[in-house]
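Structure first, commentary second.
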Amino acid sequence: MLKGLIFDLDGVITDSARYHLAAWNALAEELGIKLPAKASDELRGLARMDSLELILRYGHQENKYSLAEKEALAAKKNMAYQQAIKKMTQADILPGISELLEQAKTNGLKMAIASASMNAPTILKQLGLLKEFDAVVDPKTLSHGKPNPEIYQKAQALLDLEADEVISFEDAASGVAAIKAAKQFAVGIGDSQVLGQADLVVSDTSQLDLTKIVATFKSKKVG
């Protein structure tokens, strides 16, 4: 029986991913690294230090910096990102999300955020949505990033639910892989070829309809 919903943040609740990508691109340019087009997809859903390592690998600079220097680079990127997200408002909530959250609340479903972003509470507050969620996973409590299932297992535990009692939403392949590894029902938002591992894929958030999602959830065996 469905009892809860778990959401990634970037690209699902809001498009804060574009602020992340802009900040990472600026840092890469400063380091003399040209990012390929596929970097946008590969960076989605990754934790901050994992994102930095990926960028440095693109420039063959992964062994150029000490851990302290890498942490300083990541902090610099995050400072630029934090300045950008201060401008976010309720207008930045993606289409269909407010309605989906309202449907979930009406149906008595618990809700949690499973985002690798340490800025998730700040973003949710900017969007006026923080109070809508029963739990927000703190990335500092995690040992592994997506596609490891830990973050979705943690969100599920915070809601005090079982894997077959939740539906989780993602826009990144690594996130969908994490959901499936956690043995949860996965809704992918975006390209069906990229998110083929999901149990259900919609092209964008405006296509999210809780009644249809629940019908698919009931008709499919999770695992």
Side-chain angles (χ1 to χ4, degrees), residues 4-28 35 37 39-48 50-51 74-106 109-139 145-146 151-152 155 167-176 178-179 186-191 194-195 198 201-210 213:
L5 304 180
I6 300 173
F7 299 86
D8 178 33
L9 180 64
D10 297 335
V12 175
I13 300 293
T14 186
D15 191 17
S16 51
R18 65 192 170 105
Y19 297 107
H20 274 299
L21 294 172
W24 283 125
N25 271 298
L27 180 65
L35 297 180
S40 294
D41 285 327
E42 293 184 348
L43 285 167
R44 286 181 184 273
L46 290 184
R48 191 181 304 161
D50 291 336
S51 294
K76 184 175 185 179
K77 173 266 170 186
N78 192 53
M79 198 174 299
Y81 173 70
Q82 286 181 325
Q83 288 301 311
I85 62 175
K86 284 180 181 177
K87 301 172 185 175
M88 296 181 79
T89 67
Q90 288 185 332
D92 290 296
I93 300 172
L94 288 174
I97 291 299
S98 295
E99 293 81 359
L100 179 66
L101 298 182
E102 190 59 40
Q103 283 180 305
K105 186 187 288 186
T106 300
L109 299 176
K110 294 180 179 180
M111 292 187 284
I113 292 289
S115 171
S117 173
M118 285 183 263
N119 297 296
T122 300
I123 293 171
L124 290 169
K125 190 173 181 180
Q126 288 292 124
L127 299 175
L129 293 178
L130 187 58
K131 68 182 185 303
E132 302 296 329
F133 294 92
D134 301 282
V136 177
V137 176
D138 180 357
K146 301 170 186 177
I151 191 167
Y152 280 96
I167 292 174
S168 295
F169 299 78
E170 264 284 356
D171 73 317
S174 61
V176 170
I179 294 170
V187 175
I189 302 164
D191 189 327
V194 175
L195 306 174
V201 179
V202 296
S203 58
D204 57 64
T205 56
S206 68
Q207 302 302 309
L208 293 171
D209 179 273
L210 187 60
I213 294 168

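Predicted, not measured: the structure shown is a model, and the values here were computed from it. Note: hydrogens, waters and symmetry copies are ignored here, and every other heavy atom, side chains too, is used.
The minimum heavy-atom distance between Ala178 and Lys146, with the atom names listed, is CB-CG, 4.1 Å. Nearest heavy atoms, Leu195 versus Gly190: CD1-N, 3.7 Å. When all heavy atoms are compared, the tightest approach of Val176 to Ala198 is CG1-N, 3.5 Å. Of all the heavy atoms in Ser117 and Asp10, the pair that sits closest is CB-OD2, 4.4 Å. The heavy-atom pair separating Ile179 from Ala186 by the smallest distance is CG2-CB, 3.5 Å. Of all non-hydrogen atoms in Ala84 and Tyr19, the two that sit nearest each other are CB-CD2, 3.6 Å.
At distances below 3.5 Å, not a single donor-acceptor pair connects side-chain atoms of Ser206 with backbone N or O atoms of Pro95. Under a 3.5 Å cut-off, the side chain of Asn78 and the backbone N or O of Ala74 do not form any donor-acceptor pair.
Between Trp24 and Arg48, the closest side-chain pair of non-hydrogen atoms falls below 4.5 Å. The closest side-chain heavy-atom distance from Ile123 to Ile13 is not below 4.5 Å. Residues Leu109 and Gln103 form no side-chain contact, since every pair of their non-hydrogen atoms from C-beta on lies 4.5 Å or further apart. Considering only heavy atoms from C-beta on, Leu210 comes within 4.5 Å of Leu5 through its side chain. In this structure, the side chains of Leu124 and Leu9 come closer than 4.5 Å at one or more pairs of heavy atoms. Taking the side chain as every heavy atom from C-beta outward, Ser51 and Lys77 never approach each other to under 4.5 Å.
Residue Leu127 is tested with Leu94, Ile97, Ile93, Ile85 for a side chain to side chain contact (heavy atoms under 4.5 Å, CB included); the sole match is Ile93.
To the nearest 0.5 Å, atom CG of residue Leu129 and atom OG of residue Ser98 are 6.0 Å apart. The NE2 atom of His20 sits 10.5 Å away from atom CG of Asp15, with the distance rounded to the nearest 0.5 Å. Atom CD1 in Ile6 sits 13.0 Å away from atom OG in Ser115 (nearest 0.5 Å). Taking CG of Leu101 as the start and CD of Glu132 as the end, the distance is 6.5 Å to the nearest 0.5 Å. Summarising the geometry, atom CG belonging to Leu21 is positioned 6.0 Å from atom CG belonging to Leu43; distances are rounded to the nearest 0.5 Å. The OG1 atom of Thr122 lies 11.0 Å from the CE atom of Met88; values are rounded to the nearest 0.5 Å.
Ring orientation note: the planes of Phe7 and Phe169 are close to parallel, at an angle under 30° on the 30°/60° scale.
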